Amino acid sequence: MVYKLQQKLDHIRLHKTYDRIQRLQSEIRNLSSFTPDGDSNLLWPIGVNPPFNPTSRFDLLTWEYFTEMHTFSCPDGSPKCLLQGVWLLDVQQVLEEALDQLNQRYLPWLHFRKRRLLNGYRRFDPTRGMEYTLDLLLEATTEKGHVGVITKRLSLLRPLGFVEILPMPYVTEATRVQLVLPLMPYDIDHIAGFLDVFATNLLDPQENVALTVLLVYDMGSSGQEKDMYEDVRTMLAELEKRYTYLRLEVSSVRTELASQVRLMEVVSKKHSTDTLFFLVSVWSEVTSEALNRCRMNAIGAWQVFSPVHYQEYSSDVSRPGFSIPQSAEFPHDGHFDRLSSSEFCFYNSDFMRASNRMAAEVQKEEDEDDGDIELLELFLQHSDLHVFRALEPALVQRFSRRKCSTHLSGDGYHRCVQSNLEGLGSRIHLAMALFDQDQTNST
């Protein structure tokens with residue numbers, strides 16, 4: 001009984017809103033006749049912002065083609081993929097609304113029934129909302145019962161709802177950034193390249209930055225006489241001698257499970273709570289622009305920032321027979337690696353709260369093995385902070401085959417393997433490599 005009453009109230013509210021919109025559109029239509037341009041200046045739909053006007057070819061809004069089951073604009077670059085979740089629900093609602101609007105307009109003379117969607121196009125206009133163009137194959141029935149099949153093109157708009165400006169805490173670009181570089185034994189050969197780029201991009205311009213290098217030892221290396229990081233320590237000492245204003249910290253840890261969270265727990269204890277960390281990898285090429293975006297997008301007690309770096313393709317696949325370039329040529333020699341979260345910006349206080357909360361929840365569930373958890377999973381699952389993840393063209397990673405830990409939790413291992421595979425080259429590069437291999441084998 002209560003459910004039916006609520007349905008009736010919702011129905012009444014919907015009709016009141018619809019009548020109010022019709023009344024406002026009628027007023028706009030009447031008042032437009034007194035303007036210099038008259039009714040010719042009215043745009044469809046009445047009362048909605050005019051379409052976005054691009055200023056150059058780079059601002060053009062592209063249309064996305066779709067059918068009732070598939071879309072031909074996929075996030076991973078595939079030519080065709082299934083409509084799922086909210087995207088499938090969106091298409092179903094639009095088709096249902098289009099049929100309802102037709103029947104409301106032509107009843108009682110005609111009644112329409114959808115046979116199938118011939119073509120569907122949609123695009124998002126930031127000033128109006130989601131625009132749709134539908135080509136429908138319809139079955140039309142007249143008052144006398146005659147049935148015919150017609151094709152109809154319809155234009156629809158799902159307008160933007162209530163736009164709200166979210167208040168954000170004030171941040172500046174003067175905050176010192178503490179770069180944290182975990183170094184594994186199998187990455188020793190790459191540290192020289194990282195330090196060269198670090199010095200050129202951040203130390204020569206005298207950026208407000210500090211560096212923590214965390215040397216990770218295997219549990220089985222305790223009996224070795226020679227320190228495997230001896231050459232690394234020498235390079236770091238030379239860097240500190242050359243740049244006297246650099247705050248350089250070298251720490252070491254011996255562990256079997258070198259997860260992002262466990263390594264940051266070692267570093268976190270040595271810094272104050274207001275420290276801004278920027279976790280990087282040995283292949284990261286950090287620039288001043290990326291550093292400033294870390295400062296602006298990581299907000300204490302509010303938001304953490306996970307930049308999506310630009311990953312260089314393998315030169316053996318993308319540039320066969322050519323020398324390796326000094327730097328990746330954006331955007332031709334790589335792609336944005338959405339599967340990786342090797343870089344992360346956050347405040348120490350936020351990390352400590354999330355880590356303590358995870359420890360309490362794991363202890364409560366009596367689960368001793370939480371797996372090799374990454375920072376992205378930590379903040380998503382064990383904190384109430386905003387997790388801002390965005391493409392960062394100023395943060396580049398040179399090509400590398402990452403070692404995927406079998407201790408990764410959830411689908412982390414699958415993402416790592418998939419990231420390595422997608423980092424080999426684009427579909428065009430891989431196709432050309434297969435073609436060249438077939439030509440070689442045939443001869």
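All figures in this text were calculated on a predicted structure; none of them were measured in a lab. What's counted below: heavy atoms across the whole structure, side chains too, no hydrogens, waters or symmetry copies.
The side chain to side chain contact (heavy atoms under 4.5 Å, CB included) search around Ser272 returns Asp274, Thr275, not counting sequence neighbours. With sequence neighbours excluded, the residues satisfying salt bridge (charged side-chain N to carboxylate O under 4.0 Å, His left out) with Glu207 are Arg295. Remark: Leu434 pairs with Gln437 by the side chain to side chain contact (heavy atoms under 4.5 Å, CB included) rule, at least two apart or across chains. In this view, Tyr65 and Asn119 satisfy the side chain to side chain donor-acceptor pair (under 3.5 Å) rule, not counting sequence neighbours. When the salt bridge (charged side-chain N to carboxylate O under 4.0 Å, His left out) test is applied to Arg158, the partners found at least two apart in sequence or on another chain are Asp90.
Atom-to-atom distance recorded for Phe344:CZ and Cys294:SG is 10.5 Å, nearest 0.5 angstrom. Interatomic distance, CH2 of Trp302 versus CG of Asp350, reported as 12.0 Å (0.5 Å rounding). With rounding to the nearest 0.5 Å, the separation of SG in Cys345 from CG in Leu279 is 9.0 Å. Rounded to the nearest 0.5 Å, atoms CG (Leu118) and CZ (Arg153) are 10.0 Å apart. Atom CD of residue Gln397 and atom CD of residue Glu312 lie 10.5 Å apart, to the nearest 0.5 angstrom. Rounding to the nearest 0.5 Å places CG of Leu136 at 7.5 Å from CG of Leu99.
Note: Phe277 and His271 have perpendicular aromatic rings, judged against thresholds of 30 and 60 degrees for the angle between ring planes. Aromatic ring pairs are classed by plane angle as parallel below 30°, tilted from 30° to 60° and perpendicular above 60°; the pair Tyr121 and Trp63 is perpendicular. The aromatic rings of Phe346 and Phe379 sit tilted relative to each other, their planes meeting at an angle between 30° and 60°.
Judged by distance alone, the side chains of His382 and Glu361 do bring a donor and an acceptor atom under 3.5 Å apart. A side-chain N or O of Glu64 and one of Thr71 form a donor-acceptor pair less than 3.5 Å apart. Arg402 and Ser419 are linked by a side-chain donor-acceptor pair at a separation below 3.5 angstrom, with hydrogens and angles left out of the test. Side chains of Ser268 and Asn348: a donor-acceptor N/O pair is present below 3.5 angstrom, by distance only. Side-chain contact annotation: Glu343 with Ser284, donor-acceptor N/O pair under 3.5 Å present. The closest side-chain donor-acceptor pair between Ser259 and Glu374, if any, does not fall under 3.5 angstrom.
Screening Phe399, Trp283, Phe336 for a ring-ring contact (aromatic ring centres under 6.0 Å, His included) with Tyr310, the sole residue that qualifies is Phe336. Among Leu179, Leu211, Val197, Asn208, the single residue meeting the side chain to side chain contact (heavy atoms under 4.5 Å, CB included) criterion with Leu202 is Leu179. A salt bridge (Lys or Arg N to Asp or Glu O under 4.0 Å) with Lys114 holds for exactly one of Glu68, Glu139, Glu97; it is Glu68.
Side-chain contact between Trp109 and Thr142: absent, with no pair of heavy atoms (C-beta onward) separated by less than 4.5 Å. Taking 4.5 Å as the limit, some side-chain heavy atom of Thr67 sits within range of a side-chain heavy atom of Phe72. Side-chain contact check for Glu377 versus Ser341: every heavy-atom pair is 4.5 Å or farther apart. No side-chain heavy atom of Asn420 sits under 4.5 Å from any side-chain heavy atom of Val417. Proximity of Gln178 to Leu276: side-chain heavy atoms (C-beta onward) are nowhere separated by under 4.5 Å. Counting heavy atoms from C-beta on, the side chains of Gln418 and Leu421 come closer than 4.5 Å. The shortest distance between side-chain heavy atoms of Phe278 and Leu181 does not fall below 4.5 Å. Looking at Val209 and Arg247, their side chains never come closer than 4.5 Å, going by heavy atoms from C-beta outward.
With a 6.0 Å radius and a threshold of 12 heavy atoms from other residues, nucleotides or ligands, Arg176 has its CZ atom above the threshold. Within a 6.0 Å radius of OH in Tyr186, other residues, nucleotides and ligands contribute more than 12 heavy atoms. Annotation for Ile428: atom CD1 does not count as buried by contact number, only 12 or fewer foreign heavy atoms lying within 6.0 Å.
Using modelled atom types, no side-chain atom of Thr141 and backbone atom of Gly145 make a donor-acceptor pair closer than 3.5 Å. Asn103 places a side-chain N or O within donor-acceptor distance of the main-chain N or O of Phe112, the cut-off being under 3.5 Å. Remark: the backbone N or O of Arg293 is paired with a side-chain donor or acceptor of Asn297 at under 3.5 angstrom. At distances below 3.5 Å, not a single donor-acceptor pair connects side-chain atoms of Ser355 with backbone N or O atoms of Phe351.
Shown here for Gly120 and Leu134, the closest heavy-atom pair between the two residues is CA-CD2, 4.3 Å. The two atoms that bring Pro79 and Cys74 nearest to each other are C-SG, 4.4 Å, heavy atoms only. Across all their heavy atoms, Tyr313 and Gly425 have their closest contact at CD2-CA, 3.3 Å. Leu385 and Gln303 make their closest contact through CD2-N, 4.3 Å (heavy atoms, listed as atom of the first residue, atom of the second, distance). Between Leu154 and Leu102, the closest heavy-atom pair is CD1-CD1, 3.8 Å. In this structure, Pro108 and Glu143 approach most closely via the heavy-atom pair O-CG, 2.9 Å.
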Query - Leu138 vs Val149, side-chain contact (heavy atoms from CB on, under 4.5 Å): CA-CA, chis, key distance, verdict - result: CA-CA 6 Å; Leu138 301 169; Val149 178; over 6 Å; no

**Report entry** Intermediate values then yes/no, side-chain contact (heavy atoms from CB on, under 4.5 Å), His309 and Val396
**Finding:** CA-CA 5 Å; His309 64 255; Val396 178; over 6 Å; no

Query raised in the report: Are Leu61 and Asp125 close enough, and set up right, to give a side-chain contact (heavy atoms from CB on, under 4.5 Å), and what steps lead you there?
Result: CA-CA 7 Å; Leu61 302 178; Asp125 189 323; 4.0 Å; yes

Requested in this report: Decide yes or no on side-chain contact (heavy atoms from CB on, under 4.5 Å) for Leu395 and Thr287, but give the supporting numbers first.
Outcome: CA-CA 7 Å; Leu395 183 61; Thr287 62; over 6 Å; no

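With respect to Arg398 and Glu285, a salt bridge is recorded, a charged nitrogen being found less than 4.0 Å from a carboxylate O. A salt bridge is defined here as a Lys NZ or Arg NE, NH1 or NH2 lying under 4.0 Å from an Asp or Glu carboxylate O, and Asp384 with Arg357 meets this definition.
Counting only residues at least two apart or on different chains, no disulfide bond (SG atoms under 2.5 Å apart) pair has a member in residues 114-155.
Taking the ring centre of Phe66 as origin, the terminal cationic atom of Arg122 falls inside the region bounded by 6.0 Å and 45° from the ring axis.
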